[in-house]
Amino acid sequence: AELSVVSGDTGNGLAFLQSQLDKFEEQTGHTVTVVPMPSSTTDQFGQYRLWLAAGNTDIDVYTTDVIWAPQLADQFLDLTEAAAGVVDQHFPSIIESQTVDGRLVAVPAFTDAPALFYRTDLLEKYNKEVPTTWVEMTATAQEIMDAERAAGNPDMWGFVFQGNAYEGLTCDALEWVKSYGGGQIVEADGTISINNEQAAKAIEMAASWIGTISPEGNLAYMEEESRGVWQLGNAVFHRNWPYAYSLGNGDDSPVKGKFDVAPLPAGEGPDARSAATLGGWNYAVSKYSQDPDAAIELALFLASPEVQKERAINQSNLPTIEALYEDADVLAASPFMANWKEIFQNAVPRPSAPTKTNYNEVSSLFWSAVHNTLSGNGSASENLELLEADLADLKGDAW
Amino acid sequence: MATETMASPVVSAGAKIKSELMQQRVRAARWFLLPMLIALAIVAGWPLLRSIYFSFTDASLNNLYGAEWIGFGNYLRWSVLESGTVRYRGLLVDPAWWNAVWNTVRFAFWSVLWETVLGMIVALVLNAEFRGRGIVRAAILIPWAIPTIVSARMWGWMLNDQFGILNDLGLRLGLLSQKVAWTATAETAMTAVLVVDIWKTTPFMALLILAGLQMIPKDIYEAADIDGVHPVKQFFKITLPLVRPALMVAIIFRVLDALRIFDLIYVLTPNSAATKTMSVLARENLFDFDNFAYGSAQSTLLFLIIAAFTILYIWLGKVNFDGGDR
Amino acid sequence: MASIELRNIRKSFGIVNVIKGVDLEIRKGEFMVFVGPSGCGKSTLLRLISGLEDITSGEMLFDGKVVNALAPSKRGIAMVFQSYALYPHMTVYENMAFGLTLEKGKDKEDIRKRVERAADMLQIRDYLDRLPKQLSGGQRQRVAIGRAITRDPKVFLFDEPLSNLDAALRVATRIEIAKLHEGMHETTMVYVTHDQVEAMTLADRICVLRDGLIEQVGTPMELYEKPDSIFVAGFIGSPKMNFIAGEKAANFDCSTLGIRGEHLQIKDDGIWEGTVIHTENLGADAYVYLEMGAEEPVVVRLEGAARYKSGEVLRVSPMQDKVHRFDEAGKPIR
Amino acid sequence: MASIELRNIRKSFGIVNVIKGVDLEIRKGEFMVFVGPSGCGKSTLLRLISGLEDITSGEMLFDGKVVNALAPSKRGIAMVFQSYALYPHMTVYENMAFGLTLEKGKDKEDIRKRVERAADMLQIRDYLDRLPKQLSGGQRQRVAIGRAITRDPKVFLFDEPLSNLDAALRVATRIEIAKLHEGMHETTMVYVTHDQVEAMTLADRICVLRDGLIEQVGTPMELYEKPDSIFVAGFIGSPKMNFIAGEKAANFDCSTLGIRGEHLQIKDDGIWEGTVIHTENLGADAYVYLEMGAEEPVVVRLEGAARYKSGEVLRVSPMQDKVHRFDEAGKPIR
Amino acid sequence: MTASFDLWKLTKTALFYLLVVVIVVVSVFPFYYAILTSFKSGTDLFRITYWPTSFSLQNYESVLRVGSFPRNLLNSVFIASVTVLLALFLAVTASFALSRVRFRGRSLLLMTILAVSMFPQIAVLAGLFEVIRFLGIYNTPWALIFSYTIFTLPFTVWVLTTFMRELPIEIEEAAIVDGATPWVIITRVFMPLMWPALVTTGLLAFIGAWNEFLFALTFTSSNDTRTVPVAIALLSGGSQYEIPWGAIMAASVIVTVPLVILVLIFQRKIVSGLTAGGVKG
Ligand SMILES: Nc1ncnc2c1ncn2[C@@H]1O[C@H](COP(=O)(O)OP(=O)(O)OP(=O)(O)O)[C@@H](O)[C@H]1O
Ligand SMILES: Nc1ncnc2c1ncn2[C@@H]1O[C@H](COP(=O)(O)OP(=O)(O)OP(=O)(O)O)[C@@H](O)[C@H]1O
Ligand SMILES: [Mg+2]
Ligand SMILES: [Mg+2]
């Protein structure tokens, strides 16, 4: 059959995908074309929605972000049966995040979780430990920043993260809130939990960074901007996804060999822990596919251990199959993955499964509330209270 | 609407036979208009009606065809709480919407104002005779020629607080005392968007105004020179009134565009409440949130608001639709 | 070759009546000139004949056939516009050939011959490859006439073709047109002008229009010698006829006395007295303007040069048989 | 009131020399008319005086002061353009008042009076509220003149102000301008025309230009009676002077013989013979065009009406003392 | 020629050229910076420089070699050109009717056309998508050509109507007497006279179509049918979050250059007084 898979994969990723598809074609005799999409996830999501709404038969398999499958669940085929044999190999939390009302709407391809990047050279120079709590990090960052500035680098900052009002801020803020034991905005059972003291505390803490250890401009940073500051050597700490690791070690990078990663710091309080937002990508099959069986075959192939292993080796993508973290080949190619296993174990899913089609709006309300607090429009507790009311409105009787 | 009384022979034509010439012209006019109208009906009319229809339903993108008619519910609905207080919901009482309206209007006003002023200056410069005019004319179009998504990103890059060249330039020239996060802070976000938009669309204005300037006879400037009219006054008393028709059309289209502004803001400051415009909000509801009907209602209202503005503008500006002959 | 008949033609633009009921017959091969003051409807009438404007009521006949609804291009007319109306982007040749190329089945060679013949006739052969903007006004107007000629029309319409030309060219082109008419005496020509000299020199018959109505139709000499009204009398002839009202006219048993400048003689026993207010020497003749208590100064035309000073008092007499007498309604008393 | 002196003025547009060295003095209060064929540089010269065009070399003096670099508005001039140059978006009143409203401390009432006076003078009072596009060409040009008048200038510049007026109006306006000049005899007037009648009737002195150079300067009668060249002789006077070369001229001991139409008499014993090719009756006089073997037909001007038919053969004689003789260089033999 | 005059004149000229320079610098600077950036790679991108420091064509190479960028360029050229030709064709004929023929409801029609351009593109996206699939032109250049008329047509119609009104009526009448039909009048008499307006609007419409992103993204689904802006958005770094600035800038430079050349070619037409000489004056 002729299949097409739409993918927001980027440069090398696309080439990799193509190489795997070649294999698939060889194995099965199907032909597969890739429909590439811009890397902007909002663009992709909007397109998918439109295509699916219009019953576009041209696309068989979609590459979906972890948070999308629940929102598009109605338009995707249930893969539960088809994947019955392989589901067990994956991290259960990931499978859970792709399961809506008992239907498995997408199979995971790889996962993603952020880490705290820190400058080994600077910590060494000032004789500091890798911080394990936000408070420690703040203090260390402040101290090193001040010292470095005094030493003649006026552009030095303590910590950069993703502060723009967008999905990335939801990720960052979820980590703060969760690390302070403030829940995960909407709990798995659908209760709105965000308006609590710990959450407020976490966000207040982040707000205190702006203008002190983080630049004002951080409020507009997405991944690349923060990486820019970091990679120029102008930040002590940096929160980002694994991609920044290999880039930071690029040949022309000023921070090459001068940094390492650690789990994100923990908060303070009763349920304090380190938390990392769960990212990652999956494959879903359109219910408008004209050859659903072949399409499912393709999706499962792309999620298979073989492909995941190749992916881990070639692309440094984190596998969703636990076994692969012990695979010698994988660890030989990407030794840092060992670090990430720990990070990944602390991963928190965004509340897309419980909020279903409303997730994007929930997320938007959340990041707006956080962004407002960070920019000094109202205190965290005020904003969270409003947020709770808005979420309650949105929820109505049920999500 | 500025419908002029049409003192045309055709109006009084009832009694007499139309001449072959007039018939031929009217017939030709019909055939000339037909393809355009068909094209517009398909490309705009149908989708537009669909959107308006959806705004009265509870459609979502997951359930486009099973949508149910809910009347004005997306615009305004109310429920009486147990306590007896009436609770209004819907677009008309949505603060986010009105914030977007305000942002859009603010944006449209300032951008079009500046584009008109700067476009006029540029057009006047281009209208003068000087060496290298062609090169300048081409140079001026560059901003317009760069795809919006690219220029928005480019400016985002240049406006970046840490490695943006504009902050660096500002600091070097002593215009800034510290690096400013232009797109990040609510106070400057709108300014940043305006700067980029003005930079980008002034060439459009300039070119249309230039085309208008070229139609002004040169000799009346000589008459004005002799009358001792100062060049500045010449501009206001002569040039301006005479390019008005061209200017009005240019402004109309710019205003319409500005009121629908989408991609620039979507790329530059996608989620800042200080710059979120009606289109951006509508897109959010249509495609990001599961509120297709609500988004359609926003689009429809946006359409109505723009229409109201246009009619007001045409009415206030006394734009002449007619004036052709026969 | 066509005769044109206008039967109670009216034309209004919206509520403004511009042509208010015109009856006129233009004979085959005749050179008819419409004159009248600005805004009287000359151009409009011409455009009604051309078919460019719709007739509001009345009938227009070409060779006895009603053409009210016929398209201009089918009336066998050609038109020369005051503003040349050349196609700026076409060469002279293309301008002249344009109409022909639109007719189907025209032979290219044939077109070329016709254009060249017309170009020769008007001495614009050298300019055939030029664009209009590379020509002087006179040349442009000749091209416009040439364009009309190549169409070989039955009816030739001119709307003030000379008014943008300088004096010398105007005279020269006027003679061209007169020759043209002699050469194409089968072709009916209708010519609009406000210059009475053109009217006098070119016309077989002149039609004087006033405010949308015909004031008088006749040969130039008829109009000059026997004007049907003060209006015509004042319009035809240069300098303008002097009109004297009041007591002086009463002496001649009329309400207004009309007397042309060339029919006034300065002599010591002149019956009227006037003060010189201005003298114009044109070389061959001279005009003396006398203040005589009339509304306007009275003009006396003299042969040769006049050497009167302003303020000088002169006596003049009209030549007895050259006096025009008008009643209170402005009609002539004969 | 200003005298104007031009000292070896030259003007080139790019590489094209248009004015090739003009020396001229225009006296205070004088009415100077520039005439010459189209393209000879009349308008350019006027524009140099006005300051609208930069002088390439030479000196321009107003009242003895060099004004080469002075802005037009500071020269105390007013100008009427060939192409009206009215402000299309202003009413007639505004057009006329515009220059005045710019001067500070002008009383509104005063402005209104001045505009109305000018409007009355030019019979455009009824149109004061109209826009130029609602006026006919003639009316527009009168507005342009009115606009200049209201400025009350020291130097009044006209560029063919009458060329768009109809005959009657042209005469009337010509007289208005003449009166204007008499009424404002402190005001220097420079007037460009290619109509020699205007030149003859209006000018104190005429400056004949040819191809960027002055051909002759003098009073109208000087030019009419003693032209300095064939060119001037041919240019001044209407109808154009007849030029006869060859044997007939040789009989008069010259290379070219110039004789005006009014100086030719038709008589049976005329020394020359010619065939009538065309006759024009203007009412008071008539022109007879004779084919006489010369390059162009010879025009004979007669009083009254002429009743000759085309093809008729006539004999004519020049009046002996009215003959102009020119040598081969085109200079007069006196 | 007094000294003071020369000085003043000199200052004026100097100020004028200063203004020209400012205008040019402001318009071109971001583009210049884009060119500068396009020669950089890696961490260099984050460093502010005013002059070229390194010169590497690597970005251009990768843009032109990787993927189907040349093909996308061709698509864009084709789509934008056809869009402009179509829009101009429809608009010229329509504006003739709207500016030169009197008929009832003319201003209403103009208003309607204007109304079309009032609707946000976002809002017609879904409906348009249906129409395009219904017509069976999804994922072909025609889908874009067709959908672009929504913003090019109202604009060109309006502008051309304004301009056509200004053309002298006598020329049209001369053509009528010559036996020209409205079609002939438009094509052989008016079009040549409207060069400035045609080129100006054509250029603006061309750029509009050239730069359009949303429709191009939505109505095409393969690399071979996509246009340049989408292709630029598709340019990506090694991973999801990485933005390949160098490549994007290189691509932008590549897509802007043809437009600049286009402008240079047509700039004489943009300013041309062709009407001179046809009618008096
Ligand atoms: N299209 C039109 N709409 C309204 N009124 C018009 C139109 N055309 C002409 N008129 C009016 O009709 C009258 C006669 O105009 P017309 O052009 O026939 O005059 P004319 O005798 O040719 O004058 P002129 O000698 O100035 O050319 C004028 O008052 C003019 O304003
Ligand atoms: N701006 C200009 N650039 C180039 N050449 C010019 C310019 N203005 C005038 N000329 C040329 O200078 C010459 C004289 O022009 P000018 O307008 O002075 O003639 P004119 O005597 O006024 O003619 P007309 O009687 O036709 O008005 C002409 O050949 C004309 O082509
Ligand atoms: Mg007329
Ligand atoms: Mg001139």
Side-chain angles (χ1 to χ4, degrees), chain C residues 14 43 46-47 49-54 71-90 92 94-104 106 130-137 139-141 143-144 147-148 150-151 153 155-157 159-161 163-165, chain E residues 88 92-93 95-97 99-107 160 163-200 202 266 268-281:
Chain C
S43 298
L46 195 75
R47 291 160 55 80
I49 296 175
S50 73
L52 284 171
E53 208 81 67
D54 273 1
S73 54
K74 298 197 184 135
R75 296 190 182 191
I77 55 157
M79 188 151 170
V80 176
F81 294 82
Q82 175 171 8
S83 52
Y84 321 135
L86 296 178
Y87 310 122
H89 56 293
M90 297 185 197
V92 169
E94 287 163 346
N95 259 287
M96 291 171 71
F98 184 64
L100 295 178
T101 55
L102 292 179
E103 290 172 32
K104 278 193 196 102
K106 276 277 175 209
R130 293 211 197 158
L131 289 174
K133 69 174 166 207
Q134 296 166 326
L135 300 178
S136 76
Q139 290 161 347
R140 287 181 206 174
Q141 194 56 290
V143 173
R147 178 172 65 179
T150 50
R151 300 203 65 225
V155 178
F156 218 129
L157 306 175
D159 194 350
E160 312 200 16
S163 59
N164 286 317
L165 303 185
Chain E
L88 284 184
V92 164
T93 49
S95 57
F96 175 83
S99 65
R100 290 287 172 157
V101 184
R102 275 183 185 278
F103 57 88
R104 251 163 294 183
R106 185 162 64 160
S107 26
L160 292 185
F163 277 90
M164 213 181 274
R165 248 177 226 153
E166 310 281 332
L167 293 180
I169 191 122
E170 289 88 351
I171 291 198
E172 189 187 350
E173 292 184 337
I176 291 174
V177 171
D178 267 347
T181 57
W183 174 247
V184 172
I185 292 175
I186 291 176
T187 50
R188 300 196 35 199
V189 181
F190 278 1
M191 294 262 281
L193 294 182
M194 300 224 310
W195 268 117
L198 285 175
V199 169
T200 303
F266 281 114
R268 242 169 245 293
K269 294 282 185 192
I270 297 175
V271 244
S272 67
L274 248 178
T275 35
V279 261
K280 69 165 179 184

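Numbered from 1 within each chain, the chains take letters A, B, ... in sequence-line order. Reckoned from all heavy atoms, side chains included, excluding hydrogens, waters and symmetry mates. The structure presented is a predicted model; accordingly, all values stated were derived computationally and were not measured.
Residues R100(E) and I185(E) have side chains not in contact (no heavy-atom distance under 4.5 Å, counting atoms from C-beta outward). Using a 4.5 Å heavy-atom threshold, the side chains of M194(E) and L167(E) count as touching.
For chain E, the nearby part of R147(C) is the side chain; its heavy atoms alone come within less than 4.5 Å. Heavy atoms of T101(C) lying under 4.5 Å from chain E belong exclusively to its side chain. Only the backbone of A78(C) has a heavy atom closer than 4.5 Å to any heavy atom of chain E.
For the options V177(E), V184(E), D178(E), heavy-atom pairs under 4.5 Å to chain C are most numerous at D178(E). Between chain C and the options G179(E), A180(E), A174(E), the largest number of non-hydrogen pairs under 4.5 Å is found for A174(E).
Residue I49(C) holds its CD1 atom at 9.5 Å from CD1 of I77(C), rounded to the nearest 0.5 Å.
Nearest heavy atom pair, residue V189(E) against residue L193(E), reads O-CG, 3.2 Å.
Ring geometry, Y87(C) versus F98(C): the interplanar angle exceeds 60°, so the pair is classed perpendicular (tilted spans 30 to 60°).
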